[in-house]
Amino acid sequence: MPLNRPRLGLCCIFAEQPIAFRKTTAAYIGRQSRKGALDKLSDIAAQNAVALRQALEFCRANGIGSFRINNEVLPLRTHPQLGYSPLKLRGGKHIVAAFREAGAFAAENDLRTLFHPDQYVVLNSPNSAVVENAKSELEHLAELAEWTHADVLIVHGGGAYGEKDAALDRLAANIESLPTEVRSRLVIENDERVFTPADLLPVCRATGVPFVYDVHHHRCNADGLTVEAATEAAVATWGDREPLFHISSPLEGWMGPKPSRHHDYIDLADFPDCWKGRKVTVEVEAKAKELAVLRLMGQLKMVEV
DNA sequence: AGCGGTCAAGTTGAT
DNA sequence: ATCAACTTGACCGCT
């Protein structure tokens, strides 16, 4: 009987390992000729595919169970003026193949890969242009997710706009309208300012979208649910799939001025006891990146009996 | 080579 | 009104 324990996940980048993802700016790319722009974007994309493979190999070699892929591995892909189709890049077929090979490596080695689209992806905005933009970004990321075997795209609930209930209704309605490639991967996470687990769990139950439980956000933005209750409710939304949690520690302690700021490392005391012994993924959101993941992994093993 | 200003996009809350 | 914060500082251009 294998021992159930959380797998720990690394987010996007490395503190010490010489593995780096590249990006660029719209201002710079917009100044180039179209060909010059595509050449630069091609170089970046090709290098990012290599970096992804290196990142996954590092995780595999060090017992890190999941890796969050940064959203800009194909920079400016959905930019209204500068966007492009990946296959139109120089060496586009090879670039796509390299991402697919990285995904195959992840799948073969039981490495979970995932994306956390950034703050501009807002599914419940009253501004339809914002929602359309969000959908377009999610469709792009769903394609990348297919290449890389990523099973989740994590988004927050969005804004409250002074009317939380209406905002949650819009969220649910817009989730229903997503294409299958996006919908099948979409998951929703509580945030540190607006939407708590208690706010989002009903939307998750109604739409069938799983709930990502961020215990640090929950401690910043509480709702009356205990950590244990939120954990159980979150797990229930995942069905047969492996649940996903987020952990961080406050930069200057829970009594500090801004507990939402992330520390370099995780304080073991912040890691919920009720997560131990479960087959779940816990993404470590800490500034020391792989060093924080490895330290926490060691600490969890030491307390295991 | 080093360094400072800048960076597509949304929303909130502190200042 | 401005701006930092959010999953993550990296990139560009000037000296």
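Keep in mind it's a predicted model, so treat the numbers as computed, not measured. Labels below follow one simple rule: chain letters A, B, ... track the order of the sequence lines, proteins then strands, and each chain is numbered from 1.
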Cationic N near anionic O, under 4.0 Å, [X] to [Y]:
| X | Y | answer |
| --- | --- | --- |
| A/R100 | A/E143 | no |
| A/R77 | A/E137 | no |
| A/R170 | A/E163 | no |
| A/R7 | A/E242 | yes |
| A/R53 | A/E57 | yes |
| A/D39 | A/R90 | yes |

[atom1] gap between [N] and [M], integer Å:
| N | M | atom1 | result |
| --- | --- | --- | --- |
| B/dC7 | C/dA4 | C1' | 15 Å |
| C/dG9 | B/dG10 | P | 23 Å |
| C/dT7 | C/dC3 | P | 22 Å |

Exercise for the section: Counting Watson-Crick and G-U wobble pairs whose two distances are both under 3.5 Å, find the runs of 3 or more in a row that involve DNA chain C. Expected result: B:1-7 with C:9-15, B:10-15 with C:1-6

Practice task
Measure the distance from CD on A/E163 to P on B/dT12 and round it to the nearest whole Å.
Solution key: 12 Å

Handout entry: Separation of atom CZ in A/F195 from atom P in B/dG10, rounded to whole Å
Key = 17 Å

Handout entry: DNA chain B contacts among residues 142-155 of chain A, heavy-atom distance under 4.0 Å
Key = none

Practice task
Would you mind classifying the nucleic acid contact of A/A160 as base, sugar-phosphate or nothing, using non-hydrogen atoms under 4.0 angstrom?
Solution key: sugar-phosphate

Measure up the [X] and [Y] rings against each other and bin them: parallel (under 30°), tilted (30 to 60°), perpendicular (over 60°).
| X | Y | result |
| --- | --- | --- |
| A/F14 | A/F67 | parallel |
| A/F271 | A/W275 | perpendicular |
| A/W147 | A/F99 | tilted |

Handout entry: Distance test, side-chain N/O of A/S125 to OP1/OP2 of B/dT11, below 4.0 Å
Key = yes

Handout entry: Closest heavy-atom pair and its distance - A/N221, A/E192
Key = CB-O, 3.4 Å

Exercise for the section: Measure from NZ or CZ of A/R185 to the centre of the six-membered ring of A/F115 and say whether it is under 6.0 Å with the direction within 45° of the ring axis. Expected result: no

Practice task
Produce a footprint string for nucleotides 3-11 of chain C: one letter per nucleotide, 5' end first; B if the base is under 4.0 Å from any protein heavy atom, S if only the sugar-phosphate is, - if neither.
Solution key: --BBBSBSS

